[in-house]
Amino acid sequence: MSKRRPYVRPMGGWWKKNPFFVEYMVHEGTALFVAAYAVTLLVGLVRLGQGEAAWNGWLEAMKSPLSIVFHLVLLVAIAYHAITWFKLFPLTMPPMVVNGKRLEPNVVVGGGWTAAVVVALGLLAVVWRIAQ
Amino acid sequence: MEIFKADVVIVGGGGAGLRAAIAVAECDPKLKIALVSKVYPMRSHTVAAEGGAAGVKKPTDSFEYHFHDTVGGGDWLCEQDVVEYFVEQAPLELTQLEHWGCPWSRTEDGHVNVRAFGGMKIERTWFAADKSGFHILHTLFQTSIKYPSIKRFDEHFCVDILEEDGRCQGAVVIEMGTGEFTMIEAKSVIIATGGAGRVFRESTLGGIVTGDGMALAYRHGVALRDMEFVQYHPTCMPVTGLLFTEACRGEGGYLVNKDGYRYLQDYGLGPLQDKPKNKYMELGPRDRLSQAFFFEQQKGRTIEHPTLGSVVHLDLRHLGEAYLRERLPLIYEMAETFMGLDPAKDPIPVRPGVHYTMGGIKTDGKCAASLKGLYAIGECSSVGIHGANRLGSNSLTELLVFGKVAGVEAAKNAKSAAPGNSAALLKQAQAVEQRVMALKTKTGGSERISVIRKEMTQSMEDGCGIYRMEKTMQATCDKLAELRERFKNISIDDKSSVWNTDWLTAIELDYQLDVAQAMAHSAINRKESRGAHQRLDGYEQRDDVNFLKHSEAYYVAGAAPRIALGDVKITKSQPAARVYGAAGEKADQERKASHV
Amino acid sequence: MSTMKVRKRSNAPIFWGLFGAGGMLAALFGPMLVFITGIAVPLALLLPADTMSYPKMLAFAQNFIGKAFIFAIIALFMWHAAHRIYHSLHEIGIHAGMFAKLLCYGSALVCTVISAVVLLGLGF
Amino acid sequence: MSESQKIIEIEVLRYNPESDKEPHREVYKVPFSDDMSVLQGAQYIKDNFDGSLTFRWSCRMAICGSCGMMINGIPKLSCETFLRDYYPNRISIEAMAHFPIEKDLVVDLSGFIEKLESIQPYIIPREARTLEQGEYIQSPAQFNEYIQFTSCINCTLCYAACPQFGLNPDFIGPAAMALLHRYNMDSRDGGAEQRMQLVTSEEGVFNCSAVGYCSEVCPKHVDPGNAVNINKINAAKDYFLRFLSPKGGSK
Ligand SMILES: Cc1cc2nc3c(=O)[nH]c(=O)nc-3n(C[C@H](O)[C@H](O)[C@H](O)COP(=O)(O)OP(=O)(O)OC[C@H]3O[C@@H](n4cnc5c(N)ncnc54)[C@H](O)[C@@H]3O)c2cc1C
Ligand code: SF4
Ligand code: F3S
Ligand code: FES
């Protein structure tokens, strides 16, 4: 009979053991903040549907210091999501070929970041236009 | 003991073994094939081959040229009829590999490209960057998966072949993961276990290159032919022996001594060439280049490195980083990681190291050994194409051409041979098991395996190096006899069953000692200088009268091998002076003129 | 030897597709939206104080494009988050199985439905 | 050996299935020189201290793929990792993560080999060609589509790096997917559709959560994580478009 007795090591706490994995968990963790923001917006939307008074109440709540701090945290977390999202492009996207040459990973990432900044400023501009 | 009934058993999953397995499977899908390898097949040492595989490709080339390069390169110790067959099959086999997916490097127009190699008149080396062996091996391995009749015994270690009724009829293997034995019954047995260069100290070879199959056949009375011819590759990494492929020179690298002088021009390889020119300078054959190193060292013109010892420089700087990264990426990385230098900026210190065993299990042109039912292919075999010195890139092609031949022959034999006597075979296999187990279970030994191995490799290097002398060869023979004795007294630390590499290493060492003896005794017996066998003790010349002969070493239990001489098959190329460089070109022209 | 097992097709592409779309939207619009709705407007920075006044927002939510935008942001953010959170739970060793799956994807679904109902209720 | 010999401490995770309940650590003091690899350190231990220390190795030149280990917790080829880079600290070596340990540094690779076999890693010709017709023609652009994915040496470091494989050993994993992708991208091959079933299956690409560490540790720059992720896109296309295409995608 075989004397083999393969030993399987437990996986517990794997994500704490390597800085690479810690970073991974942090960027995965941004999802909590994305969800929190979506819920905040959803509440706003519901309030909007309930009429002007309800909506204004929501707007007031958004002005509370707690809310401001909360949104600052959201801003950081979601910005981090945006940064890492594009940083993963060389991994998650097919290679981009321009003139028969593959784009370097850092060009791809840089391109993604630039696009994100342009879109964000565009959004701000549109909102600003509408608000006038 | 487990029993597995196959039609063909192949011991060795390198390039040769895999090609043979596919050939059997394609011959007849009903034949059951057992493919045994002590490492997963894609780890076999074929994986390390860098430069490429030779086969006529260019319109300016011809079978004729490839034939003459090979026979002349082998110093006329080749079986010329076999070489003829070889050169004709080469392009077909290389194309076959392309169809199986091998990513050969290509020209801009999408055809397979060829590069220059040492001792070759025309560029005819098919290459896949500088990972040719890697790609060949992986292509073969992956292709082999297509055939359901190939049953692999990965990480199974072959400890003996079975002989019954004057026929070879199977093999006994140990499953490394459990330490358990299996008898594989088969009508045909193909040995494809690779070279034996690890009996030397500094070598380009992987740890598995221990000559197992050679020793197995040898112990069953099959001759080991031309074992004294051991190739030193001129450009190896000092200490580790890792290889810087000949393609470095094929692509235009220079070899320079401590004065920055391209010394090869002093050794009949000149005149000096700026661009790589076939058969000139750095593109001379390996034996000549390694010998030139030896003399440079004697003259005190090598570079004395504090930790690396005597070296010369392989200078690639003038080729530029971009070109080097494209054509020699592996070399570039190796220089960076292992030596911490940048080949585009620094010359690489190199010196010769043991690289290839020209000799091996004696077979006929169809890969059949003298024991019926037994075949041998690849580096462990001597089918007769390398003679006294192998030309770079002929060996990978050999794996394919003769792997296929052996597969076809073994299949034929398996279909025609009568069934064996299973009971008798099992009895034999059980005896083998007992003998091999005894090595592990015995107690009271005092010799460490590593110590014996170290003494063996050092002694082989001292006695059977690039240049040889009676006295040192004798010392090596004596040392080996002593080590054979001491081996009986080894101790094995590990007594367990699962993955007992301590035990397997001891079995390998046993094989190595046999092979080393065959080499040393063949060498001392050859009183001339030819190809890779060069003497400095009064036998500096080639002696065609007495030694245009193969050496054949026969096993004698408990004693030194018996060495006999065998005939060489000469068809169309009569022995001539072996010259390169300008002299070579002149000789070529004269030969042509005399033919007209 | 090639053995062709019959394998079960994974349904992951649906969730993965929603995850990817949401991740992309969050990366492109997320930070600026948070800034606008959560910081700039409440603090009247940069933008006029009435940027998000009831009439303006109502008009926006009644406009076809505005509706689609709001819906996409809320729903896809949720699907993105649900997918990641579900996986992370599994990764850190909380194998809540079906429960976690229901909790994560279920809340995404609930949010999606609510936002759709409200948006439709606001009329065109 | 000279007297100025440096000594490094090597801590090895050892496991003998026949006598140990679970792995334990042992420390060896190994004299070393600057050109010594971690593999040579292990060999030194085996040769001089304990012949029972067990590990795989062969080529010593980072091409056979046998010598992978966790070195200070990071999957690496021990033959191209040098002791000098850790000295004077203690260095720890351990069998590759996520695989069952057979003995000491040797892990069970049979699962990986089965995966490799399951992807049909051979040319399924797009169009037949005889040897007499010579080689297939492949333009530089076609060649560049797949060549990177041919460089995999099957060292399985990427599996030791991928937590998703650790969590679900059935996941087909990075290297096998890279090889699958290699054949799909080869202009000579027409088997992509046959291989799709595996890609889209429950063992397939969607086990990957784009951790990306596989590509990070790959010694041959195969970027297996990219192969996995590109095939998520392919699989998703197959999933949604199967109703449209006449053949109905793969079943
Ligand atoms: C660094 C290097 C570069 C080279 N470059 C070139 C080149 O550019 N061109 C060229 O033509 N040639 C080259 N060569 C030579 C060529 O690569 C080899 O001669 C050839 O690959 C040998 O192939 P093989 O199939 O005979 O053996 P291997 O590939 O060595 O395979 C041997 C097989 O036998 C198995 N085996 C051995 N013993 C046992 C046992 N006891 N039980 C079970 N299985 C066993 C092993 O597991 C392995 O699978 C090079 C060699 C080296 C070392
Ligand atoms: S993809 Fe890279 S890390 Fe993974 S097995 Fe292949 S070579 Fe090793
Ligand atoms: S690490 Fe694993 S999760 Fe994906 S990107 Fe690589 S396969
Ligand atoms: S020993 Fe071959 S890869 Fe390290």
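Naming convention: chains lettered A, B, ... in sequence-line order (proteins, then strands); numbering from 1 in each chain.
- Of the atoms belonging to B:Phe134, it is side-chain heavy atoms, and not backbone ones, that fall under 4.5 Å from chain D.
- D:Lys103 and B:Ser496 get closest at one heavy-atom pair: NZ-OG, 2.9 Å.
- Across all their heavy atoms, B:Leu242 and D:Cys59 have their closest contact at CD2-O, 4.0 Å.
- Only the side chain of D:Phe143 comes within less than 4.5 Å of a heavy atom in chain B; its backbone stays farther off.
- For the atom pair CE of B:Met334 and CE of D:Met61, the computed distance is 4.5 Å after rounding to the nearest 0.5 Å.
- If you measure heavy-atom distances from D:Lys220 to chain B, the contacts under 4.5 Å come from the side chain alone.
- Within the 4.5 angstrom heavy-atom criterion, atoms from both the backbone and the side chain of B:Met42 approach chain D.
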When you look at B:Thr501 and D:Lys46, which way does the side chain to side chain contact (heavy atoms under 4.5 Å, CB included) test go after all the steps?
CA-CA 10 Å; B:Thr501 51; D:Lys46 187 175 183 68; 2.8 Å; yes

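- If you measure heavy-atom distances from B:Val39 to chain D, you find no contacts under 4.5 Å at all.
- Using a 4.5 Å heavy-atom cutoff, the side chains of B:Phe141 and D:Pro121 are not in contact.
- Heavy atoms of D:Ile137 lying under 4.5 Å from chain B belong to its backbone as well as its side chain.
- The two residues D:Asp186 and B:Gly101 make their nearest non-hydrogen contact at OD2-O, 4.4 Å.
- A pairwise comparison of heavy atoms in B:Ile208 and D:Ser58 identifies CG1-OG, 3.4 Å as the closest pair.
- One finds the CD atom of D:Gln43 at 11.0 Å from the OG atom of B:Ser450 (value rounded to the nearest 0.5 Å).
- Your options are D:Ser139, D:Gly134, D:Ser110, and the one with the most heavy-atom pairs under 4.5 Å with chain B is D:Gly134.
- Heavy-atom distances place no part of B:Trp503 under 4.5 Å from chain D, backbone and side chain included.
- For D:Arg188, the part lying under 4.5 angstrom from a heavy atom of chain B is the side chain only.
- Contacts of D:Asp189 with chain B are absent, with no heavy-atom separation under 4.5 Å from either backbone or side chain.
- The contact between D:Asp35 and chain B is made entirely by side chain atoms (from C-beta outward), counting heavy-atom distances below 4.5 Å.
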Step-by-step salt bridge (Lys or Arg N to Asp or Glu O under 4.0 Å) determination, B:Arg106 to D:Glu135:
CA-CA 11 Å; B:Arg106 296 182 184 252; D:Glu135 72 262 43; 5.3 Å; no

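- Heavy-atom distances place the side chain of B:Glu50, and not its backbone, under 4.5 Å from chain D.
- There is no contact between B:Ser491 and chain D, counting heavy-atom distances below 4.5 Å.
- In this structure, chain B has heavy atoms under 4.5 Å from both the backbone and the side chain of D:Ser151.
- Contact tally against chain B (heavy-atom pairs below 4.5 Å) for D:Leu109, D:Asn16, D:Asp108, D:Asp104: the top residue is D:Leu109.
- When heavy atoms are compared at a cutoff of 4.5 Å, B:Trp499 approaches chain D by way of both its backbone and its side chain.
- For D:Gln138, the parts lying near chain B are the backbone and the side chain together; criterion is any non-hydrogen pair under 4.5 Å.
- The 12-atom threshold is exceeded at NZ of B:Lys495, counting heavy atoms of other residues, nucleotides or ligands nearer than 6.0 Å.
- Of the listed residues (D:Thr81, D:Asp50, D:Asp34, D:Leu53), the greatest number of heavy-atom pairs within a distance under 4.5 Å of chain B belongs to D:Asp50.
- For the set D:Ser19, D:Pro125, D:Cys152, D:Ser33, the count of heavy-atom pairs under 4.5 angstrom toward chain B peaks at D:Cys152.
- Of all the heavy atoms in D:Ile63 and B:Ala48, the pair that sits closest is CG2-CA, 4.0 Å.
- Annotation: the span from B:Glu336 atom CD to D:Glu80 atom CD amounts to 11.5 Å, rounded to 0.5 Å.
- Contact annotation for B:Val209: neither backbone nor side-chain heavy atoms come within less than 4.5 Å of a heavy atom of chain D.
- Screening D:Leu179, D:Leu116, D:Ile123 for a side-chain contact (heavy atoms from CB on, under 4.5 Å) with B:Gln142, the sole residue that qualifies is D:Leu179.
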Start with the C-alpha gap between B:Arg152 and D:Glu117, add the side-chain angles, then the distance that decides, and say whether salt bridge (Lys or Arg N to Asp or Glu O under 4.0 Å) holds.
CA-CA 12 Å; B:Arg152 287 203 324 270; D:Glu117 291 170 341; 2.8 Å; yes

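- Within the 4.5 angstrom heavy-atom criterion, only side-chain atoms of D:Ile113, from C-beta onward, approach chain B.
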